[in-house]
Amino acid sequence: MPCSAIGGAGGGGGDSNGALSNFKLNESTFLASLMPKKEIGADRFIDAHPNYDGRGALIAIFDTGVDPAASGLQVTSDGKPKILDVLDCTGSGDVDTSRVVKADDDGCICGASAILSPVFKIAMCGFNAKFHTGASLFVNSSWKNPSGEWHVGYKLLYELFTDTLTSRLKRERRKKWDKQNQEEIAKAVKHLQEFDQKHSKLDDVNLKRAREDLQNRVDYLQKQADSYDDKGPVIDAVVWHDGEVWRVALDTQTLEDNPDCGKLANFVPLTNYRIERKYGVFSKLDACTFVANVYDEGNILSIVTDCHPHGTHVAGIATAFHPKEPLLNGVAPGAQVISCKIGDSRLGSIETGTGLTRALIAAVEHKCDLINMSYGEPTLLPDYGRFVDLVNEAVNKHRLIFVSSAGNNGPALSTVGAPGGTTSSIIGVGAYVSPAMAAGAHCVVEAPGEGLEYTWSSRGPTSDGALGVCISAPGAAVAPVPTWTLQRRMLMNGTSMSSPSACGGIALLVSAMKAEGIPVSPYSVRKALENTSVPIGCLPEDKLSTGQGLMQVDKAHEYLRQSRDVPSVWYQIKINQSGKTTSTTRGIYLREASAFQQSTEWTVQVEPKFHEGASNLEDLVPFEECIELHSSEKAILRAPDFLLLTHNGRSFNIVVDPTNLSEGLHYFELYGVDCKAPWRGPLFRIPVTITKPIAVISRPPLLSFSRMSFLPGHIERRFIEVPLGATWVEATMQTSGFDTARRFFIDSVQLCPLQRPLKWESVVIFSSPAAKSFSFPVVGGQTMELAIAQFWSSGIGSHETTIVDFEIVFHGISINKDEVVLDGSEGPTRIEAEALLASETLAPVAILNKIRIPYRPVESKLCSLSTDRDKLPSEKRIMALTLTYKIKLEDGAEVKPQVPLLNNRVYDTKFESQFYMISDANKRIYAMGDIYPSKSRLPKGDYNLRLYLRHDNVQYLEKLKQLVLFIERNLEEKDVIRLSFFSQPDGPLMGNGSFKSSVLVPGKKEAFYLGPPSKDKLLKFSSQGSVLLGAISYGKLSYVDKGEGKNPLKNPVSYQISYIVPPNKMDEDKEKGSSTCTKPVSERLKEEVRDAKIKVLASLKQDTEEDCLEWKKLSSSLKSEYPKYTPLFAKILEAVLSRSNDKDKVCHEKEVIDAANEVVDSVDRDELAKFFALRSDPDDEEAEKIKKKMETTRDQLAEALYQKGLALAEIESLQGEKPAKAEGAEGGEKIEDPLKPGSDLFESNFKELQKWVEVKSSKYGTLSVLREKRSGRLGTALKVLNDVIQDDGEPPKKKLYDLKISLLDEIGWQHLAAHERQWMHVRFPPSLPLF
């Protein structure tokens, strides 16, 4: 995730460490503070070397995307293009343009958004044959297209925009829409008033219906205002090859008020950005810049927009060039960039594995010198994972210098994030604030006396002992932002800002190295930076916060000049503790109490690593260095004095003796210096971090830290050995001695194997001296760091010291199982509890509030990705595996897909990437996500979940073809299962021996039983193999009220509990033997033969005239044989309906009417009516059979009447006859039936249907809509149609929405029709989107 924040007091320097007194700004120093460069010596360097301002350096910006129209990002200081390429590496802007069309004689093509409703009879009745929801597109006659083939696609515009921009556009568009809607409401109300004035009495039924129609129009318009939901404009995209390059044009008319604007033919065609470096803007309203790239021979169009201002801001810090405002230049105004968007717009701005991999491919392809990546997150394994492997290859083989943010999770130790703070081949950058930055960019009332690290900047070491932070750089700037923000610049702060500041500084070095002929190597550059940085702070342990210090460009340049003939080598360090089988580490990190009882011996392996391609004879064989080893404290850290190092490496032993150290944090280093060239400084460093914890020996276990003094930016760290048996902490913080408000960061961190750091954090603001209480979980037996920090800018200017008293009380209930699994049986689970520290109230609470249902894929597809953006630098093609899962929801629910193997790991995984989409039968996308799945609300229905996995190793993907996926859903509050506890094993069955609570006394265990959920509480969708999940807690806070604590998740510590759903009980109805049939065998045989014949008839095809003749012959024969058998005539009607006759539609509709009449005539309606007038006995099995048969007959009758009505209306439409006006209206005449002149068969047929079913139901409602429409009551027709759509439990039917749009068009409500057309692209997309 991006490592930055927008605005606020986030961020010191001048020469050396930025120490200044009575700091004052003038105009020039104020402007310079907005884009800090003095702090890292960049301004001095450029003054001394004007042509080394980044010229010749190319930086890949891995971020949210860079706006090529942003201020300062057009050209370099020497007039070259600033941005050489703009790429969306995530695929979030991809458009499927595989559909190819030809232009007609007028140069018109059918755009992909021009959805034509299929020939549904319902949609046609009484309306136009086609409902066009997208305009025909005219191509510009001057565009060259030798093949004549136009690739078309479309995109919902909001999918390309950020949430902020979308919200702004929605507000603007809503204003216009509201104005139009209010005008139509006014017209509708006026018509209603005029009607009321004309008709004071409504004695006639038709007058009542007419008034009801007018009222329905008013109501409909008012409801639309309440339910308005803008899904945004749809833009058409056209791609073609002009004989030289692929070209792109967009039609953006839906964005414009002026119908002459945004037309396709007026668009200035674009091509891939790197070819011509041109971009477009969608409209003046959005002011959003976009870039186009074409892949896969025109079948994929990538429309590139940024997903946050972050990326443009980062690029501006590193390279912006403002010829008229040089003080606001970026650090390296002469450098060029390529923008690699790794933040996925579909996910907000979260990075994806696909985006990261493609970005690295692009950086290598473009032969970039540097990469800046201001993204990251915690990791469970440092220096590990698929992305790390690819980064190592890029750095070691292709010599890219990779710079990344260390993270914003400070002030506690071991909070550096991946990849910047945890990867050996990446330069991780911490965030520094100088007095000038504080006074200027952050506008504090009084600048700090000296520069310091931001409070939130992540700290080292990593869990395997590496330093974590390499160097520091300014962590805030007022830098360029995208044009859609409607401003030129913005303040942001974070390690996201310190990273491009450092990257820009390194670009200056690369510029100088290239100009001076010094070989560029990430190894030598890193060494120069580390050995010339200015320390921040005076304590050894400050390196854990700041790395080697504040980078200095000018000094690093001198170092590189001096070492130009020194081999470019990275000294890889591998450390193992002697006598232990623990994994290899990169440093020594003694944190737990057991490490301080005696000295420990460690084996250190130093391996010089050359860049790939180094010569064996010229580089490797001659390499030999005499290394002098230096310890920063020989009493603690002992090592040999010298080491002879060759290419094959050398190992040696060191001894660490922490036994005499005081409690708290200690940092030491062992470093190696070249005996022949000591000026080179340390060639390698072995960091040794020791955090000796305080032992808690008092009972009850309590620690107090009294009278701690705080000034802005001050941090107090306490390392505590959490007592065994402790599971949570209750803490109280008392502040005093200050005037203005104080802001504190309070962090608690514990490290456990193969877990991300267990971190609890709180930001607390004290407006006046007060006490605050906290509670948080802990792990017994593990060292806990408690970090309390006054925010760097909090209290500046008041000169009052804040006094803090902090008290910690440890609590704990130990149990014999951390995770409780109920196996689905009736037996209870025994749980044993004890309090090891002090008396505790044992008050167990358990709930099951989620269900996780497993699914296997029903389909798997493995393919090789064909575009060059998916070909690794090693020439390997990336493969993609798409798994499809079928999901059924019996009711609406909030669901979250879970893939335990892959979820929650971006960097610390060997798999490349994953992405899922959930769609319904109409291909509408309801949810999408990746490694961090989110909850999505889905209505009742059937869904497809497609999971997309990528890797270059096909064997890995083959193993995942049957990957189990879980759908997790939260239970409704009424369905949450509360479990019971018992003091006896038979309690769940007998219902006695309930266990509520007791007091645990140290030294005495207590046991109780957890009963399974009763079977009647299991949900209907709890199928076998499903798992009910929840939480269980055993203790509660000492300061909560008596009635609280009923929700285990709100108690200080809770554990997961799961219940495996057992097989369902046998259905008793299935156990009953089927009743004996009383019919004679001969009669049963006749029925079987009859049904078999009908089955054969239903199976016959009617594709050709010969097939139709065969079908008609058999159907006539069966009608003669079974003249009154309704199921036969129902099947014949089905067959007629399935047959299309485009040549003579009237004839076809008449066939439907004839078939429907035969069904109606076969039914004894009097007998049917009599049957439903009486109630049957539900316990009478024979009566139930008769009832089922009669219901089937009724449904067949209703379906025939329904289809007949549709056919009558369709004939009426096709023959162009006007339907009758509303009954009773002046001049109104009944329409003549097409078959029997003089009568209105539609109306009589409709009234017959009314006798048997609810005609406004979702199944038959369309006929009601047509009835109202043909009577001229369009408002009532819309109301009925809306009710039908809302009552329909199935996925939305396109034909109903087509009907709705036609009604709106006929009424003249164009703003509503346009709104519905936009929604059509959401509800009924022609195809699924690309991954």
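For the numbers below, each heavy atom of this structure counts, side chains included, while hydrogens, waters and symmetry mates do not. As the structure is a computational prediction, the values presented were derived from the model and not from experiment.
Between Ile746 and Phe774 there is a side-chain heavy-atom pair separated by less than 4.5 Å. Side-chain atoms of Leu550 and Ser533, non-hydrogen and from C-beta on, never get closer than 4.5 Å to each other. Inter-residue side-chain proximity for Pro419 and Tyr375 is flagged as unmet; no heavy-atom pair is nearer than 4.5 Å. At least one side-chain heavy atom of Val403 sits less than 4.5 Å from a side-chain heavy atom of Val429. Within the 4.5 Å cutoff, the side chain of Ile342 has no heavy atoms near those of the Thr352 side chain. Residues Thr423 and Phe387 are not in side-chain contact: their nearest non-hydrogen atoms beyond the backbone lie 4.5 Å or more apart. Side-chain contact between Ile338 and Cys368: present, with at least one pair of heavy atoms (C-beta onward) separated by less than 4.5 Å. Contact annotation: the side chain of Ile427 never approaches that of Phe402 to less than 4.5 Å [non-hydrogen atoms, C-beta and beyond].
Residue Thr462 forms a side-chain contact (heavy atoms from CB on, under 4.5 Å) with just one option from Val416, Val469, Asp383, and that option is Val416.
Residues satisfying the salt bridge (charged side-chain N to carboxylate O under 4.0 Å, His left out) test with Arg905, not counting sequence neighbours, are none. For Asp908, the side-chain hydrogen bond (donor to acceptor under 3.5 Å, both in side chains) criterion is met by Thr379, not counting sequence neighbours. Evaluation of the ring pair (Phe, Tyr, Trp, His ring centres under 6.0 Å) rule for Phe710 yields His714, Phe744 as partners, not counting sequence neighbours. Taking the side-chain hydrogen bond (donor to acceptor under 3.5 Å, both in side chains) definition, one finds that Ser425 meets it with Asn392, sequence neighbours left out. Listed by chain and number, the residues in a side-chain hydrogen bond (donor to acceptor under 3.5 Å, both in side chains) with Asp63 are His310 (sequence neighbours excluded). Thr802 is linked by a side-chain hydrogen bond (donor to acceptor under 3.5 Å, both in side chains) to Arg742, Gln790, counting only residues two or more places apart in sequence or in another chain. Partners of Glu325 by salt bridge (charged side-chain N to carboxylate O under 4.0 Å, His left out), not counting sequence neighbours, listed by chain and number: Arg488, Arg489. Contacts of Cys89 classified as side chain to side chain contact (heavy atoms under 4.5 Å, CB included), with partners at least two apart in sequence or in another chain: Leu87, Cys340, Arg358, Ala359. Partners of Asp747 under the salt bridge (charged side-chain N to carboxylate O under 4.0 Å, His left out) rule, at least two apart in sequence or in another chain, are Lys759. Residues satisfying the salt bridge (charged side-chain N to carboxylate O under 4.0 Å, His left out) criterion with Lys543, sequence neighbours excluded, are Glu669.
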**OP:** Walk me through it: do Arg44 and Asp554 pass the test salt bridge (charged side-chain N to carboxylate O under 4.0 Å, His left out)?
**Re:** CA-CA 7 Å; Arg44 298 191 300 271; Asp554 50 351; 3.0 Å; yes
Subject >> Derivation of the salt bridge (charged side-chain N to carboxylate O under 4.0 Å, His left out) call for Glu39 and Lys37 >> reply: CA-CA 5 Å; Glu39 289 79 354; Lys37 296 180 282 290; over 6 Å; no
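The heavy-atom pair separating Gly475 from Trp456 by the smallest distance is O-CH2, 4.1 Å. When all heavy atoms of Leu509 and Ala556 are compared, the pair lying nearest together is CD1-CB, 3.8 Å. Closest approach of Arg743 and Val763 over heavy atoms only: NE-CG1, 3.6 Å. Of all heavy-atom pairs spanning Val481 and His313, the tightest one is CG1-CD2, 4.1 Å.
Taking the six-membered ring wherever Trp is involved, the centroid distance between the rings of Phe791 and Phe745 falls below 6.0 Å.
Using the six-membered ring where Trp is involved, Phe45 and Tyr52 have ring planes that are tilted, between 30° and 60° apart.
Note that CD1 of Ile506 is 9.0 Å distant from CD1 of Ile59, once rounded to the nearest 0.5 Å.
Ser33 places no side-chain N or O within 3.5 Å of a backbone atom of Met437 that could act as its donor or acceptor partner. Using modelled atom types, one side-chain atom of Thr483 and one backbone atom of Ala287 make a donor-acceptor pair closer than 3.5 Å. Of the possible polar contacts, none joining the Asn531 side chain to the Ala528 backbone as a donor-acceptor pair under 3.5 Å is found.
When the shell of 6.0 Å around CG of Asp163 is examined, it contains 12 or fewer heavy atoms from other residues, nucleotides or ligands.
Each side-chain hydrogen bond (donor to acceptor under 3.5 Å, both in side chains) pair with one or both residues in residues 466-478, not counting sequence neighbours, appears once here: Glu453-Ser472. Listed by first then second residue, pairs satisfying salt bridge (charged side-chain N to carboxylate O under 4.0 Å, His left out) with a partner in residues 785-797 read Arg717-Glu785, not counting sequence neighbours.
Geometrically, Lys82 does not engage Phe321 in a cation-pi contact defined by less than 6.0 Å to the ring centre and at most 45° from the axis.
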